[in-house]
Asker: 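Let me give you the structure first, and then I'll get to my questions.
Please read these numbers as outputs of a predicted model, since none were measured by experiment.
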Amino acid sequence: MTEENHTVVTEFILTGLTNHPTLKVVLFLLFLVIYLITMVGNLGLIALIWKDPHLHTPMYLFLSSLAFADSCTSSSVTPKMLINILSKNHEISLVECFAQFYFMGSSATTECFLLTVMAYDRYVAICNPLLYPVLMSNRLCIQFIAVTYLLGALHLAIHVGLLLRLTFCRSNILQYYYCEILQLFNVSCIDPSINMFVLLIFSISIQAFTFINIMVSYIRVLFAILKKKSEKGRSKALSTCSAHLLSVSLFYGTLFLIYVCPGSGPVGDKEKMLSLFYTVIIPLLNPFVYSLRNKEVIGAFRRVVRKE
């Protein structure tokens, strides 16, 4: 019991996306298909990179790590959402709620740092091609990847640790389809100002640091591309970088709108749509954005199909 004699909440109820019975069936089928395509696309890309020796390069090592992070983001949210759409029981325990937030957030943070490392990789490959094998050795790439996942795990450990200081008694209803941290703040009995301050500082710092580094890398890449005399070399460099820039724009634009400029008051359809785009749609798009126009990936796919 709290000081205000309110019952402390140990389980939450996720309201989900809609209460309309017909829409529930449509949404279930839609998100089931999206989830299956997401997992096949990302895990298939990882398997393809692992199987084809031509793709055992730093760029594709980072890409396979990004695909794994996308799989984790989608898997931390979508299966529970699918169960809740058709089930009458929308409850989630406090432990499950914190775990869902932890795994979703840590994979998203990892993705921020992975996109930064991928931008640096393209910068070295295009601006310093002769030094590329030295500056981006496989051993160094593995270390980069390990650090990105470690940073993601540590970052969310801080937020989950701070969540443990809160008790929840205002309501057990979260107006969302997963355990989103801002919704948890809304039902806290204890003033979450410290948590909100730390969340804002970390969100701004990580997004600003990684985004600025990505932009610096690509501005240098752009100047290097413009200096290239070969039209073929210029178009190949632009093709490689355009997919990454599209992914960066979608990812950071959505994150910025959700966590750096969050709306006040009750959550609306706009916030849910932005969050859906970030947790469900981006993991779906990324493997196709990076592979559909990539001749090396398409070539590797054809070689694997022929062998089969």
Asker: Taking atom CG of Leu174 and atom CG of Leu14, what is their separation to the nearest 0.5 Å?
Answerer: 5.5 Å
Asker: Around atom OH of Tyr35, are there more than 12 heavy atoms of other residues, nucleotides or ligands at under 6.0 Å?
Answerer: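 Atom OH in Tyr35 is packed in, count exceeds 12.
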Asker: Rounded to the nearest 0.5 Å, what's the gap from CD1 on Ile92 to CD on Gln100? Could you check?
Answerer: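 Reported value, rounded in 0.5 Å steps: 4.5 Å.
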Asker: For the pair Asn128 and Tyr132, evaluate side chain to side chain contact (heavy atoms under 4.5 Å, CB included) and give the outcome as yes or no after the intermediate values.
Answerer: CA-CA 6 Å; Asn128 297 290; Tyr132 185 72; over 6 Å; no
Asker: Between Ile85 and Phe31, which heavy-atom pair has the shortest distance, and what is it?
Answerer: CD1-CD1, 4.3 Å
Asker: Is the ring pair Phe12/Phe168 parallel, tilted or perpendicular, if the boundaries are 30 and 60 degrees?
Answerer: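 Because their plane-to-plane angle is over 60°, the rings of Phe12 and Phe168 count as perpendicular.
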Asker: If we only count heavy atoms from C-beta on, is the Phe301 to Asp52 side-chain gap below 4.5 Å?
Answerer: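 They are not in contact (no side-chain heavy atoms under 4.5 Å apart), so the answer is no.
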Asker: In terms of heavy-atom contacts, does NE2 of His56 have more than 12 from other residues, nucleotides or ligands at under 6.0 Å?
Answerer: yes
Asker: If I take atom CG from residue Leu61 and atom CD1 from residue Ile145, how far apart are they, to the nearest 0.5 angstrom?
Answerer: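 One finds 3.5 Å between CG of Leu61 and CD1 of Ile145.
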Asker: Honestly curious: do Phe28 and Val25 fall in one hydrophobic cluster under the side-chain, below-4.5 Å linking rule?
Answerer: yes
Asker: Going through the distances and angles, do Ser65 and Val117 end up as a side chain to side chain contact (heavy atoms under 4.5 Å, CB included)?
Answerer: CA-CA 11 Å; Ser65 300; Val117 174; over 6 Å; no
Asker: To check you understand the geometry: which heavy-atom pair defines the closest contact between Ser106 and Gly152, and what is its length?
Answerer: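 That closest heavy-atom pairing would be CB-O, 3.4 Å.
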Asker: Examine Leu182 and Ile173 and state if one hydrophobic cluster contains both, with Ile, Leu, Val, Met, Phe, Trp and Tyr joined whenever side-chain heavy atoms are less than 4.5 Å apart.
Answerer: no
Asker: I'd like to know whether Val77 forms a side chain to side chain contact (heavy atoms under 4.5 Å, CB included) with Thr73, so could you lay out the CA-CA distance, the side-chain angles of the two residues, the decisive distance to 0.1 Å, and finally the verdict.
Answerer: CA-CA 7 Å; Val77 173; Thr73 301; 5.7 Å; no
Asker: Any idea which heavy atoms bring Leu135 and Leu140 closest together, and the distance?
Answerer: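 Distance-wise, the nearest heavy atoms are O-CD2, 2.8 Å.
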Asker: Evaluate the ring planes of Phe113 and Phe209, with Trp represented by its six-membered ring, and classify them as parallel (under 30°), tilted (30 to 60°) or perpendicular (over 60°).
Answerer: tilted
Asker: What's the spacing between Leu199 CG and Leu162 CG if we round to 0.5 Å?
Answerer: 10.0 Å
Asker: Mind checking whether Tyr176 and Tyr178 have parallel, tilted or perpendicular rings, split at 30° and 60°?
Answerer: perpendicular
Asker: Are any non-hydrogen side-chain atoms of Met215 and Tyr252 less than 4.5 angstrom apart?
Answerer: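 The answer is no, as the side chains (C-beta and beyond) never meet within the 4.5 Å cut-off.
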Asker: Could you check if a side-chain atom of Thr57 sits within less than 4.5 angstrom of a side-chain atom of Phe62, using non-hydrogen atoms only?
Answerer: no
Asker: Should the heavy atoms of other residues, nucleotides or ligands under 6.0 Å from CZ of Phe144 be counted, would the total exceed 12?
Answerer: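 More than 12 within 6.0 Å, yes.
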Asker: Quick one: OG on Ser275 to CD on Gln183, what's the gap to the nearest 0.5 Å?
Answerer: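 Ser275 OG to Gln183 CD: 9.0 Å, rounded to 0.5 Å.
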Asker: Would the number of heavy atoms belonging to other residues, nucleotides or ligands and lying under 6.0 Å from CE of Met196 be above 12?
Answerer: no
Asker: Does the side chain of Ser76 reach to within under 4.5 Å of the side chain of Phe101, using non-hydrogen atoms?
Answerer: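 Answer no - side chains too far apart.
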Asker: Ignoring hydrogens, what is the shortest heavy-atom contact between Cys112 and Thr116? Give both atom names and the distance.
Answerer: O-OG1, 3.0 Å
Asker: Do His90 and Thr15 have side-chain heavy atoms sitting under 4.5 Å apart?
Answerer: no
Asker: What I'd like to find out is whether the side chain of Asn286 reaches to under 4.5 Å of the side chain of Phe251, using heavy atoms alone.
Answerer: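 Counting from C-beta outward, Asn286 and Phe251 never come under 4.5 Å.
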Asker: I need the Leu17 CG to Asn84 CG distance, nearest 0.5 Å.
Answerer: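 Atom-to-atom, Leu17:CG and Asn84:CG are 10.0 Å apart.
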Asker: Step by step, would you call Asp191 with Ser193 a side-chain hydrogen bond (donor to acceptor under 3.5 Å, both in side chains)?
Answerer: CA-CA 6 Å; Asp191 183 8; Ser193 297; 2.7 Å; yes
Asker: List the steps, then state whether side chain to side chain contact (heavy atoms under 4.5 Å, CB included) holds for Asn195 with His159.
Answerer: CA-CA 7 Å; Asn195 300 61; His159 294 303; over 6 Å; no
Asker: Testing the basics here: between Ala224 and Cys127, what is the closest heavy-atom pair and its distance to 0.1 Å?
Answerer: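 Residues Ala224 and Cys127, closest heavy atoms: CB-SG, 3.6 Å.
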Asker: Any link between Phe277 and Phe288 through a network of hydrophobic side chains (Ile, Leu, Val, Met, Phe, Trp, Tyr) touching at under 4.5 Å?
Answerer: yes
Asker: What I'd like to find out is whether the side chain of Glu296 reaches to under 4.5 Å of the side chain of Leu55, using heavy atoms alone.
Answerer: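 Heavy-atom side-chain distance check passes, below 4.5 Å.
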Asker: Counting C-beta onward and ignoring hydrogens, is there a side-chain heavy-atom pair between Leu86 and Leu82 closer than 4.5 Å?
Answerer: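 They are not in contact (no side-chain heavy atoms under 4.5 Å apart), so the answer is no.
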Asker: Grab the two heavy atoms, one from Ser74 and one from Pro283, that are nearest each other, plus how far apart they are.
Answerer: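 The answer is CB-CB, 4.2 Å.
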Asker: What residue pairs, at least two apart or across chains, pass side chain to side chain donor-acceptor pair (under 3.5 Å) with a residue in residues 134-150?
Answerer: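 Qualifying pairs: none.
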Asker: Identify whether Leu184 and Phe103 are in the same connected component of the hydrophobic contact network (ILVMFWY, side-chain heavy atoms under 4.5 Å).
Answerer: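 Both belong to a single hydrophobic cluster.
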Asker: Group every Ile, Leu, Val, Met, Phe, Trp and Tyr by side-chain heavy-atom contacts under 4.5 Å, then state whether Leu36 and Leu284 land in the same group.
Answerer: yes
